[in-house]
Each structure stands twice: as C-alpha cells, then as structure tokens.
Number of protein chains: 2
Amino acid sequence: MRRYSQQTRILCAVDCIIFGYDGIDLKLLVIQRSFQPFKGKWSLVGGFIKSTESAEDAARHILKDLTGLDGIYMEQLHTFTNVQRDSVERTISIAFFALIDIQKYRQQLSEDFHPVWFPINQFPELIFDHTQMVELAKEKLRYKAAQHPLLFELLPDKFTMPQLQNLYESVYNITFDKGNFNRKIISTQLLTKLKEKDKLSSKKGAFYYKVDTKKYNASAHSFLNFIPRPTVLSQSIK
Amino acid sequence: MRRYSQQTRILCAVDCIIFGYDGIDLKLLVIQRSFQPFKGKWSLVGGFIKSTESAEDAARHILKDLTGLDGIYMEQLHTFTNVQRDSVERTISIAFFALIDIQKYRQQLSEDFHPVWFPINQFPELIFDHTQMVELAKEKLRYKAAQHPLLFELLPDKFTMPQLQNLYESVYNITFDKGNFNRKIISTQLLTKLKEKDKLSSKKGAFYYKVDTKKYNASAHSFLNFIPRPTVLSQSIK
DNA sequence: TCAAAAGTGTTCACAGTACACCCATGC
DNA sequence: GCATGGGTGTACTGTGAACACTTTTGA
C-alpha cells in the first residue's frame, strides 16, 4: 500500500547523451572525471537531482554549465533503475539525449569538466551503464530522425543541402540519391532558401538554407518519413 | 560535483497505464483508492520502488497482483519529476504502459484494489498528474502501433480480421477499407490462418487467425507501417 | 430469395527510385 | 576546356486507396 513514511528514498541522477556533428561524423560528448570516485574514467555528463528541481531542470542546468548554451534540443530517453547499476550506492538515472550545434559549442568551453568529442562508433569504455545509455540513444536518434525533422538541430543556422545529406548519410550509414534527397527535403517546406552560397566545398557553390522556425515548430510532432523504411527485406547499405 | 553523501534521496514510484479492449472500445484500468490519503479518488495503479527491485520489477509485481497475469506487455513510458506533482511528498514516478487481453483479465479479479475499466475517452478525474500520464500513453500507443505490431497484445489468442480491424479503428478513430486492411495485415506474414471460423457476428463467419509467435518476436522492433501516415494534408476522419 | 457481413479483384494515382542530363566555376 | 560537385528532368515501378464485385449462410 501507499504508506509514504515507510518507503525507501533513492538517490536520483540525470545523465546526458550529447550528440554533435562536425561535418563528417556524428560525435558523442563525454567527460573524463577529474574527481573521485572513478577519477580518470570516462563518463557521460550528469548530476544529481536536487529537491528543488525536476529532472528536466537538472539536465538543462548541466547542459548549460557544460556548453554555455540555452535552448538546446533535449528529451527524456529512458530511466535506468537496475539495483546494481551504480556501484557506489543504489541510484536511478534519468537519461536525456541532447543535440547541439558543435560550432556554437566550440566557442564556449567549460573548465569544470574535461569534455571530449568521440566518433559515435569509437568511444571509450564508460562507467556504470553509460555505454548502454549511449546505444539506446543512438537507436532512438535513428528511429526518431527517420520521421521527424530532428537532425537540423545538429547543424549551424545556415547549411547547404549537401551538408544536410552528409549528415543523414552519417547517421544512417547509407547513401542517398542527391536529386531525390533534395526534392524530399524541399517538399517538407521546412526550409527557406537563402541567396547566399557556400563555396568552400565546390566550385559551383551550394545555396544555403535555413530552417523556417514557424513551420518547424508547428510540424515537429508530425510524421515526415525522411528515411526509406527498412522493410526487413530490402535496404541499400553503404 | 558528484558527492554522493550530500545529495537528496527522493521517493520513487511506478504508475501503470493499463489498456484493454472489450471488442468495442479501448479501455483504461483505474482504481478507486480504498485507503488514505485521497481515499475514494480515482488513480492509476502504482506503488513505490523498493531498495531491492528495479522499476520494471516493481511494475511487473503490481500488474501481477492486480491481474493475476504474467508476461503482460509493458514498457517504460516517461518519468514524471515535477517537484510539485505529488502533494504529500516530493516523489518522482516512472510511468509504464501495459496492454492486456481483457478476457484473460476478467477471470482473475484482485480483491486488494477496486479496479474499473473506463472508455479511454471518458475516464474520471485522476489524482496528481495521472491524467497527463494517460494522455501521454494514448499518444504513444497510437504512435507506436502505427508502425509496430503492438495491438495484437490487446486481443485474445485467436481473433478474426474484422475484430482486428475494429480494434485499429477504435484506436485511431478512423475507418479502414476492409479489403486493403486484410491485405496489409496478411502481407506482414505475422499471422497464421486457422481452419476455424467465428460465426457470432456474421452468417458467413470469419476465419480465426493467431499470431505467429516466432515471426512476431523477430519483427517486434522493425517498421511495419500499419496506419496511413497523417501527412498533415489528407486524412479520412470517421 | 434476400440481407448482411466476409472476402477478392481491379483500376488508378502517386510517391519513391534510378539515372541521365545540364549548370556554374576554379584551375 | 575540362573536371568537379550542385542541381534538374524524366521514365519506371510498386504500394496504397477506392470501390465494384463475389461468396457464404441464416432467416
């Protein structure tokens, strides 16, 4: 029965799986702990939930402290509650995954941590069940980005179609036909074409686009079907 | 920093959003509390997490106690952590949603609770943030069942195509063309056609099908696209 | 024989794919 | 002018939607 007074109170943490994209690979931000216990071990960024804040508040604070950025895309991933998951004390952890523009991040390095970006497929061993958290976050990112306009969060304010296509190709490890990709993205009407071109990666130059914030916010929850469904039978792997 | 000893310990609960289907409507199972605090108020089934069990263990126990059933479909929905959500004491709640075969359930009524099935669109006011939990669970059920073979969990071991179609129509509140629906379901190859017919709802009778458990388990995580995507523009509402 | 529900067949439109082709520009 | 990457045009194909049609059987 619900007898409050007789129940166990449990230590509650949040941990953040932070993704970034450097133009080539999808990256994961982890920190090397500079304090005990487990000093020197790699870990996700995290912290304990205070009595005055929700898990979302806690995660936001952590992200702000680490990156200096407000308004980072962030959502609850899963809550990890195995009795043995934390070897110091029984702790449950509410995991969040976050997407940030790696360029904005670079400008502001927090000194309290020692954060390092690793390619999403080559990151070091992490403490506790953090590796499992990352794997789940990767799955969820792929799952969700297949139908929702999510990956824009990883790009700068203006970006080109080839850049966007590269991002999708990195995330899914498949190649897309550029013509079909362009048309599909354009057809969502979520982007505004700018007059300016990026001339760094080609002679002709590629037009910049930016997210149409109004439409983006309005459609963030609807289905968009960016990625061909893996219908179990046929899928073109890179 | 991660100083374990100085941190707040928090009361942790699980709450279960239990769905059933009676052949006509999607139903929600709630209990009327027979104990203080909030005696007489409607509430989701729940309980506190013990120091010796995970949230999943706790949820499984609660479901078992309530329904007498093992192996119920169940998954984590979301963790609710607002500081003010529980008016007795700051409590976080890990919400689970569960799908059960309402027929099996009927055979075994637990006396410890006073459970009542309500139609999913007409349930009473619930304590704390339980209404919000139910709304989120409805959303997730619709979202997930659109692509995963999930709704079979709500049906008896053998069922007919018209029954399955009715279930989908209740969940999404749209009507499907029976021909197209049949073909779509058959094409998944997840069902085995039985020789037996159900003759209760028509003169001709409809063949029973059962889930091919092997294929079902294998494909539970792949995309199946049961429901036409609401492409923002066109959708046939009942 | 007729009504009612189960189940099949057929047409049509359109989205997704593949791929050929044109464009702009630096060297 | 030619190589390179950006971008457009187009034909083909398979899936999903619409709906007409056949089947079965109880009353």
Side-chain angles (χ1 to χ4, degrees), chain A residues 23-24 146-147 155 158-169 172 174-189 191-209 222-238, chain B residues 23-24 146-147 155 158-169 172 174-189 191-209 222-238:
Chain A
I24 295 159
Q147 289 179 301
L155 291 173
K158 55 184 187 181
F159 52 85
T160 66
M161 281 293 171
Q163 282 168 10
L164 185 63
Q165 185 176 344
N166 279 335
L167 171 55
Y168 273 89
E169 292 182 346
Y172 291 99
I174 55 178
T175 49
F176 296 98
D177 178 271
K178 61 184 168 171
N180 298 334
F181 184 85
N182 273 21
R183 276 184 291 261
K184 198 169 213 170
I185 296 294
I186 295 296
S187 76
T188 67
Q189 298 186 299
L191 299 185
T192 311
K193 191 176 188 171
L194 304 182
K195 285 175 182 162
E196 198 184 350
K197 274 188 170 184
D198 164 54
K199 310 209 61 165
L200 292 174
S201 58
S202 81
K203 293 158 189 168
K204 183 176 176 184
F207 281 105
Y208 278 117
Y209 288 80
S222 58
F223 297 70
L224 280 154
N225 191 233
F226 278 119
I227 303 300
R229 278 183 294 287
T231 23
V232 184
L233 296 172
S234 66
Q235 177 70 324
S236 61
I237 307 292
K238 195 194 275 179
Chain B
I24 295 159
Q147 288 179 300
L155 291 173
K158 54 183 188 182
F159 52 86
T160 67
M161 280 293 171
Q163 282 169 9
L164 185 62
Q165 185 176 343
N166 279 334
L167 171 54
Y168 273 88
E169 292 183 344
Y172 291 98
I174 55 178
T175 49
F176 296 97
D177 177 90
K178 60 184 168 172
N180 298 334
F181 184 85
N182 273 21
R183 277 184 291 260
K184 197 170 215 170
I185 297 293
I186 295 297
S187 76
T188 65
Q189 298 186 300
L191 298 185
T192 311
K193 190 176 189 172
L194 304 181
K195 286 177 182 160
E196 199 184 348
K197 273 189 170 183
D198 165 54
K199 310 209 62 165
L200 292 174
S201 57
S202 81
K203 294 159 187 168
K204 183 178 178 183
F207 281 105
Y208 279 117
Y209 288 80
S222 59
F223 296 72
L224 279 154
N225 190 234
F226 278 118
I227 304 300
R229 279 183 294 288
T231 22
V232 184
L233 296 172
S234 66
Q235 176 71 326
S236 61
I237 307 293
K238 196 194 272 179

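The analysis underlying the following values was restricted to heavy atoms, covering all of them including side chains, and did not include hydrogens, waters or symmetry mates. Within every chain, numbering begins at 1; the chains are lettered A, B, ... in the order of the sequence lines, protein sequences first and strands thereafter.
Counting to the nearest Å, the C1' atom of C/dA6 and the OH atom of B/Y209 are 10 Å from each other. Put simply, CG on B/L164 is 19 Å from P on C/dA5, counting in whole angstrom units. At whole-Å resolution of the value, NZ in A/K193 and C1' in D/dT8 are 11 Å apart. Rounded to an integer number of Å, the gap from A/L200 CG to D/dG5 C1' is 13 Å. In this structure, CZ of B/F176 is placed 12 Å from C1' of D/dA17, rounded to the nearest angstrom. Spacing between atom CD of B/Q165 and atom C1' of C/dG7 amounts to 11 Å, rounded to whole angstrom units. Taking atom NZ of residue A/K184 and atom C1' of nucleotide C/dT17, one finds them 10 Å apart after rounding to whole Å. Rounded to whole Å, atom P of D/dG7 lies 7 Å from atom CZ of A/F207.
At least one cation-pi condition fails for A/K193 and A/Y209: the charged atom is not both under 6.0 angstrom from the six-membered ring centre and inside a 45 degree cone around its axis.
Remark: A/K184 NZ to A/Q165 CD distance equals 11.5 Å, nearest 0.5 Å. Going from atom CD1 of B/I186 over to atom OG1 of B/T188 covers 7.5 Å, rounded to the nearest 0.5 Å. A distance of 9.0 Å separates CD1 in B/I185 from CZ in B/F176, rounded to the nearest 0.5 Å.
For A/D177, counting side-chain heavy atoms from C-beta on, the closest listed nucleotide (C/dG26, C/dA18, C/dA6) is C/dA18. Taking only side-chain atoms of A/S202, from C-beta outward, the nucleotide of D/dC19, D/dG5, C/dC19 with the closest atom is D/dG5.
Across all strands, B/S201 comes closer than 4.0 Å only to sugar-phosphate atoms, never to a base (heavy-atom distances).
Between B/K178 and A/K204, the residue anchored nearer the 5' end of DNA chain D, judged by the nucleotide with its closest heavy atom, is A/K204. Both A/K197 and A/N180 lie close to DNA chain C; mapped to their nearest nucleotides by heavy-atom distance, the more 5′-ward contact belongs to A/N180.
Below the 3.5 angstrom threshold, one finds no donor paired with an acceptor across the side chain of B/R183 and the base of C/dG7.
Within the structure, a side-chain polar atom (N or O) of A/K199 is placed less than 4.0 Å from OP1 or OP2 of C/dG26.
Listed here is the closest heavy atom pair of A/L191 and A/M161: CD1-CE, 3.8 Å.
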